[in-house]
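All remarks here apply to the structure that follows.
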Amino acid sequence: MAGASLLSLRGLGKDYGGRVAVGAVDLEVPAGTIFGLLGPNGAGKTTTISMIAGVITPSRGAATVAGHPVVAGAAGFAARRAIGLVPQDLALYEELTADQNLAFFARLYGLDRATAAARADWALGVVGLRERRGDAVAPYSGGMKRRLNLACGLLHRPALLVLDEPTVGVDPQSRRHIFDTIRALRDDGMTVLYTSHYMEEVAELCDRVAIMDGGEVIAAGTVAELVDRHGGPPLVELELAGDAAALVAARALAARHGALAGDDPTGAVLRLPRPPQLGPLLADVETAGATVVNLSVVRLDLERVFLSLTGHSLRD
Amino acid sequence: MLAATIQKDLQLLARDRGALISLFLLPVVFIAVFGAFFSDDGGGRRRVLVVWAADAPRPAAVVAALEASQLFELRPATSADEVRAAVAAERAHAGLILAADFDPAAGRPAELAIDEALAPPVRLPILGALTALVHRAVFPPPAGADRPVLVPRTPPGVQRVLRDVDAFQLSVPGNAVLFGFFLALTVGLAFAEERRWGTWRRLLAAPVGRWRLLVAKLVPYVLVGFVQFGFLFGLGIAVFGMRIGGSVVALVVLAAAVVLCAVALGLVFAATGGSEKRMGSIGSVSLLIMGRIGGAMVPRAIMPPALKAAGLLVPHGWALDGYFTLLVRDGAGLADIGPQLGAVLAFAAAFLALGVWRFRFER
């Protein structure tokens, strides 16, 4: 599935005055993949993709897209033609119809009228908006606007589709439609760079992920690789039952086995962060007068990876 | 790409009621209102004079002289009090009370009922005309000695003025310049909207040179400026009877300079104006002040000297001087508006330089 790098970043960074927005990002995005750029708000994701798309000029480093250098002026046009940017803002002319928006953006990429019309029809089909093509965009729902925003980025059939938080403020149905569209585009050979601060989205959608924080890429790989490398061992979670005194005693005894209090506010949940010797632990719990009513292995996720790498939560 | 941008921006403008109103509807309303106002103030109509004259030789001679002069629209009154009441109620600009014992030589002048607080441009011509008329009626020159005391002659180097110039000759170009420069605000706001909508990011990401993008964004408004000029002057001619005494070609050239100047000023707004709200408020006030100083609302000719000179600090003043020359001077051409055209183009170049210097593609 994954081939050679379609997008390559070498020490790409951006300063605003004396403030470093993005330090020096090195990244390889394989062709034909959905690549997630995960990080909290302010991590530098939008600045990074803005540099890739040629919207802002990097302070340092270099980027290539499909072998073309991302540089200012005419020398950078080939790279720009290879990129379809779908900004986080709904970058649409809301007083115009979907067709008028698409016609304008298509011609901006040098498509003649006939090709522009054909591509608009195709893009509207991809995002499921053909029926509303003649309507002004303003009264569209948030999800429909997001889909049209995506269609505008597809018109010139870019090799790299760059999506900046494309599901912000959309309903579940539209989110599902956007996900299905992105997968279909990937299956057709398009490479997708997808930024989000939603861990679940990235985990569900992306073939590979880079985690950004404080303007740096702090880890990259598949979700499984990241969890293996940075998530630590699996957790075993015990749910106890019993009166308050029994639960207190059980927690005290379980602590000898390395058990930690879980998320449950009643103190009835214990977590074991390393592979436990369950037999002695269960015996101690019973001795304390409590009963184990549930035992499960907690699935490790990118949230835990992020926490492990940065010491703070993705949602902080 | 240029054609696509022009088409897109015109489509957006066609749906922008606020911009259409400020560029096309408001100027028409202002032209009509101010044109009518200044006409009523003396442009084409005579001042109303209410007269009560006692049945005596001297008053009768004065009334005869007033009627013969046709300088005033005379309305007879039945008493002196009726004259005073008509002036107080502003049914007449002035009133003349000619009592039976009216005899200036004996120290018994006629009474001129007039609001002494009237603006000098209105009050003084009435006073002057009546003084001369009454004086000639009471102290007629000897027979055979009635000679003109002055004759109006346009000095060499100044074209002949069109006959029957009316207030629309001032009102149409005045408002065309005032609202023509409001195009600058439309341009500035168009850039601010592109940034707010996020479409500016999409434009920057396209395989188009940034300066080409900037030019393409400005060109539609140059076209809009020409349409506005054609619309307002066309309406002025067709509906308000405005006439062009000078060269139409020169008028179009001057209009082109004014449009370029307004669009270049729009680039300054785009580069320095900040948010739409800030740009809207500061821009509107700036343009109104410029228009006021430049004589777009009140002709500079009747302004105090200091304000009249200040009018040349803004392009509006130069543009209006040029338009007035072309409208009211018979046969005036490009050579006659050289300084005005040059000044407007110099302002355009300065605005363009400032706008380009301060404009930030990435913000």
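Throughout, protein chains are lettered first and strands after them, A, B, ... in sequence-line order, and every chain is numbered starting at 1.
Between chain B and the options A:I83, A:V86, A:T57, the largest number of non-hydrogen pairs under 4.5 Å is found for A:T57. If you tally non-hydrogen atom pairs under 4.5 Å between each of A:D89, A:I56, A:L90 and chain B, the highest count goes to A:I56. Chain B forms the most heavy-atom pairs under 4.5 Å with one residue out of A:V162, A:I52, A:L92, A:N101, and that residue is A:L92.
Listed here is the closest heavy atom pair of B:G198 and A:P87: O-CG, 4.5 Å. Minimum interatomic distance between A:V55 and B:R210 (heavy atoms only, all atoms of both residues): O-NH2, 3.0 Å. Residue A:F77 comes nearest to B:G209 through the heavy atom pair CZ-N, 3.3 Å, listed as atom of the first residue, atom of the second, then distance.
There is no side-chain donor-acceptor pair under 3.5 Å between B:E362 and A:Y16.
For A:F105, the part sitting under 4.5 Å from any heavy atom of chain B is the side chain, from C-beta outward, and nothing else. Residue contact with chain B, scored on non-hydrogen atoms closer than 4.5 Å, involves the side chain of A:Q100 exclusively. With a 4.5 angstrom heavy-atom cutoff, B:A14 does not touch chain A via any of its atoms.
Note that the CZ atom of A:F104 and the OG1 atom of B:T199 stand 8.0 Å from one another [nearest 0.5 Å]. Between the CZ atom of B:R202 and the CG atom of A:L108 there is a distance of 10.0 Å, given to the nearest 0.5 Å. Distance check, rounded to the nearest 0.5 Å: CD of A:E94 to CZ of B:R15 gives 13.0 Å. Taken to the nearest 0.5 Å, the CD1 atom of A:I49 stands 6.5 Å off from the CZ atom of B:R201.
Looking at A:L96 and B:K8, their side chains come closer than 4.5 Å, going by heavy atoms from C-beta outward. Between A:R80 and B:V208, every side-chain heavy-atom pair lies at or beyond the 4.5 Å cut-off. Side-chain contact between A:R107 and B:Q7: present, with at least one pair of heavy atoms (C-beta onward) separated by less than 4.5 Å.
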Inset, instruction - Would you sort out whether A:Y93 and B:L12 count as a side-chain contact (heavy atoms from CB on, under 4.5 Å), showing the intermediate values? - result: CA-CA 8 Å; A:Y93 299 105; B:L12 286 172; 3.6 Å; yes
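Atom CZ of A:R60 is surrounded by more than 12 heavy atoms from other residues, nucleotides or ligands within 6.0 Å. More than 12 non-hydrogen atoms from other residues, nucleotides or ligands lie less than 6.0 angstrom from CZ of B:R196.
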